[in-house]
Amino acid sequence: MSKPVHAALALLLSSMAASAHAETSPQPAPQIKILSEIAVGGEGSWDYASLDASRRALYVAHNAHLVRIDLNSGQVAAQFADSNGAHIALPLPGARALLLTQGAANKASFIDADTGKLIASLDTASKPDGAIYDPASARAFVLDNAGAEVDVIDPAAMTITSRIAVPGAPEGSATDGGGLVFTHLEDKNKLVVLDADKLAVKAVYPLDGCESPSGMAYIDGRAMVLSACDNGVARLTDTRTGAAVATLAIGEGPDGAVYDARRELAYIPCRDGTLSVITLNGAPRVIQTLKTIPGARTIALDPDSGRIYIPVADLAPASEAGGKPDIIPGSFRILVAGTQ
């Protein structure tokens with residue numbers, strides 16, 4: 001074979017190999033950036049943010065009030081509903097109501113999702129915190145963080161139908177959409193699997209290497225749960241066996257986690273002022289660390305646009321030695337992040 005022909009053949013084979021590699025290798029995800037801010041104001045701390053895609057509304061538990069933001073118009077209702085230690089406003093698919101947990105009052109209330117008007121109020125176990133809706137059982141599950149229980153609520157009847165005892169303090173929740181509900185035991189560093197049909201604990205798995213787990217997201221189609229751990233790691237756990245799939249370094253002091261199944265990206269906001277962006281396209285890995293605001297720890301996802309919403313406020317040095325930083329009044333706002 002002549003040298004020119006040999007060289008041409010080598011070039012062709014090299015090109016084919018590069019093309020095949022490009023087809024099988026995960027494509028790099030676009031960089032996430034802060035796009036805008038939504039001013040809210042007010043005073044005090046905050047907790048969960050939740051997004052109702054059907055109403056295009058964002059709800060944020062903010063101290064003694066629930067905030068509602070119309071994502072189409074940008075209209076902000078900073079005192080949409082009153083609360084006593086609000087933790088989460090959970091949208092209920094197909095319903096006109098939200099389920100609002102009030103940790104300081106030991107209550108879960110149904111409020112009108114458009115007006116904020118109180119519809120009904122239920123007595124829960126101690127310190128109701130997070131909550132999740134399971135579409136397979138059409139039930140809501142409220143985590144009683146100080147009561148070692150999970151309240152099971154029938155949203156249609158607006159009643160508590162059962163309580164499931166768990167061996168620790170439940171924190172963070174997710175569902176696989178098929179009848180399994182997951183929560184952490186933040187004081188025991190464990191993962192609990194609940195059967196939403198039998199209303200019983202199905203399994204309890206240790207989360208080795210994960211301290212004080214909080215934020216949680218289910219990885220659709222992978223039988224995996226993503227846990228945000230207070231010691232600066234994210235742990236992916238096989239929900240069938242409890243085995244660790246991956247442990248990734250993230251920022252310090254996370255509290256929330258969301259997974260965008262359409263784009264195969266997970267997000268974990270951290271108290272140190274960083275947002276960890278994790279790809280599930282191929283081997284799980286952190287692909288970006290975005291600078292946010294110190295103290296930003298919770299998050300909501302818009303599954304349609306892929307945008308994420310992160311509640312933040314400016315902090316001042318603690319007024320008491322050893323205390324938490326003070327929140328500067330009037331500085332509460334929402335960071336809007338995404339690719340565009």
Side-chain angles (χ1 to χ4, degrees), residues 47-48 50 61 83-93 95 97-110 120-207 210 212-218 225-229 237 239-240 242 255-258 298:
D47 204 348
Y48 288 96
S50 54
S83 68
N84 190 351
H87 285 283
I88 190 171
L90 178 69
L92 301 168
L98 299 167
L99 184 62
L100 176 66
T101 62
Q102 302 182 67
N106 295 333
K107 289 185 180 297
S109 301
F110 288 91
S121 191
L122 309 175
D123 293 326
T124 67
S126 184
K127 193 189 173 185
D129 191 336
I132 191 77
Y133 177 80
D134 173 57
S137 63
R139 294 176 170 127
F141 295 78
V142 173
L143 312 177
D144 299 312
N145 184 261
E149 289 184 309
V150 175
D151 294 302
V152 182
I153 295 177
D154 179 345
M158 296 188 182
T159 58
I160 294 176
T161 60
S162 180
R163 284 196 173 107
I164 305 172
V166 293
E171 174 72 21
S173 58
T175 174
D176 69 349
L180 294 180
V181 173
F182 310 96
T183 187
H184 296 128
L185 300 180
E186 68 170 342
D187 57 337
K188 303 288 180 62
N189 303 339
K190 292 182 178 181
L191 172 69
V192 176
V193 184
L194 302 176
D195 187 313
D197 183 40
K198 296 179 181 178
L199 302 180
V201 174
K202 181 176 181 179
V204 179
Y205 299 123
L207 295 177
C210 175
S212 191
S214 53
M216 173 186 287
Y218 182 75
V225 158
L226 174 67
S227 300
C229 312
T237 302
T239 58
R240 298 161 298 188
D255 196 26
V258 293
T298 58

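All of these numbers come straight from a predicted model, not from anything done at the bench. In what follows, residues are counted from 1 in the order of the sequence shown.
Distance CG/Leu99 to OH/Tyr133: 11.5 Å, rounded to 0.5 Å. Between Ile160 atom CD1 and Asp123 atom CG the span is 7.0 Å, to the nearest 0.5 Å. For the atom pair Gln102 CD and Asn84 CG, the distance stands at 6.0 Å (nearest 0.5 Å).
Using a 4.5 Å heavy-atom cutoff, the side chains of Leu207 and Ser227 are in contact. Side-chain contact check for Val225 versus Met216: some heavy-atom pair is nearer than 4.5 Å. In this structure, Phe141 and Ser173 have side chains that are not in contact, with every pair of non-hydrogen atoms separated by 4.5 Å or more. Counting heavy atoms from C-beta outward, Ser137 and Asp197 have side chains that stay 4.5 Å or more apart.
Scanning both residues, Ile88 and Ala61, for their nearest heavy atoms gives N-CB, 4.1 Å. When all heavy atoms of Gly172 and Thr183 are compared, the closest pair comes out as O-OG1, 2.7 Å. Here the shortest heavy-atom pairing between Val192 and Val166 reads CG1-CG1, 4.4 Å. A pairwise comparison of heavy atoms in Gly177 and Ala136 identifies O-CB, 3.6 Å as the closest pair. In terms of heavy atoms, Leu98 sits closest to Pro91 at CD2-CA, 3.7 Å. Closest heavy-atom contact between Leu90 and Ile132: CD2-C, 3.7 Å.
For the ring-ring contact (aromatic ring centres under 6.0 Å, His included) condition, the pairs that include at least one residue of residues 159-187, sequence neighbours left out, are Phe182-Tyr218. For residues 142-168, no residue pair satisfies the ring-ring contact (aromatic ring centres under 6.0 Å, His included) rule, not counting sequence neighbours.
No donor-acceptor pair closer than 3.5 Å links the side chain of Thr159 to the backbone N or O of Thr161. In terms of modelled atom types and a separation under 3.5 Å, the side chain of Asn106 and the main chain of Lys127 share a donor-acceptor contact. Distance alone, capped at 3.5 Å, is enough to place a donor-acceptor pair between the Thr101 side chain and the Asp129 backbone.
Qualifying side-chain hydrogen bond (donor to acceptor under 3.5 Å, both in side chains) partners for Thr237, counting only residues two or more places apart in sequence or in other chains: Arg235. Qualifying ring-ring contact (aromatic ring centres under 6.0 Å, His included) partners for Tyr48, counting only residues two or more places apart in sequence or in other chains: none. The side chain to side chain contact (heavy atoms under 4.5 Å, CB included) test applied to Pro206 returns Asp208, not counting sequence neighbours.
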Validation: residues 143-158 side-chain donor-acceptor distances under 3.5 Å, sequence neighbours left out:
residue : atom : partner : partner atom : Å
Asn145  : ND2  : Pro170  : O            : 2.9
Asn145  : ND2  : Glu171  : OE1          : 3.4
Asn145  : ND2  : Glu186  : OE2          : 3.0
Asp151  : OD1  : Arg163  : NE           : 2.4
Asp151  : OD1  : Arg163  : NH2          : 3.4
Asp154  : OD1  : Ala156  : N            : 3.0
Asp154  : OD1  : Ala157  : N            : 3.3

Leu100 and Ser83: CA distance, side-chain angles, deciding distance, side-chain contact (heavy atoms from CB on, under 4.5 Å) verdict: CA-CA 8 Å; Leu100 176 66; Ser83 68; 3.9 Å; yes
Pair Leu191-Val204, side-chain contact (heavy atoms from CB on, under 4.5 Å): steps then yes or no: CA-CA 6 Å; Leu191 172 69; Val204 179; over 6 Å; no
When you look at Leu180 and Thr239, which way does the side-chain contact (heavy atoms from CB on, under 4.5 Å) test go after all the steps? CA-CA 10 Å; Leu180 294 180; Thr239 58; 5.5 Å; no
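Surrounding NZ of Lys202 are at most 12 heavy atoms belonging to other residues, nucleotides or ligands under 6.0 Å away.
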